[in-house]
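Everything numeric in this text was worked out from a predicted model, so none of it was measured.
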Amino acid sequence: FFHDAETGVELDVKDQEPFVDWLAANYKTFGTHLEFVTDRSQEGSQFVKGFGGIGGLLRYELNFDDFEEPEEDDFDSDDDFGL
């Protein structure tokens, strides 16, 4: 089944549980908040389709005003993306 890539030792599965159940039981140990989003609203349906049902938000607040905006004269080509 599962093997350690470095040693080649076979690993045994001791316990299995759905990921959502594990999150619900363990999220507090990571200092996070857990919120369930229903797919019965337009926003929830978009969230489920966009993130495959599991998503996350940044833990720390960002102030985007602190980031520099490029000058309007600057031309940003997509050459660095290899397109």
Enumerate, atom names and distances included, each donor-acceptor pair closer than 3.5 Å involving a side-chain atom of residues 40-55, sequence neighbours excluded.
from  : atom 1 : to    : atom 2 : distance (Å)
Ser41 : OG     : Gly44 : N      : 3.0

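- Using a distance-only test at 3.5 Å, with no hydrogens or angles considered, no donor-acceptor pair links the side chain of Asp12 to the main chain of Lys14.
- Across all their heavy atoms, Glu10 and His3 have their closest contact at CA-ND1, 3.5 Å.
- For the atom pair CG of Leu23 and CZ of Phe30, the computed distance is 9.0 Å after rounding to the nearest 0.5 Å.
- Cluster partners of Val9: none. The rule joins Ile, Leu, Val, Met, Phe, Trp and Tyr whenever side-chain heavy atoms lie under 4.5 Å apart, and it links nothing here.
- Residues Val20 and Leu34 fall within the same hydrophobic cluster, defined by Ile, Leu, Val, Met, Phe, Trp and Tyr side chains chained together at heavy-atom separations under 4.5 Å.
- Applying the ring-ring contact (aromatic ring centres under 6.0 Å, His included) test to Tyr27 and every residue at least two apart in sequence or in another chain returns nothing.
- Contact detail for Asp4 and Glu6: the closest heavy-atom pair is OD1-N, 2.7 Å.
- Applying the side chain to side chain contact (heavy atoms under 4.5 Å, CB included) test to Asp21 and every residue at least two apart in sequence or in another chain returns Glu17, Pro18.
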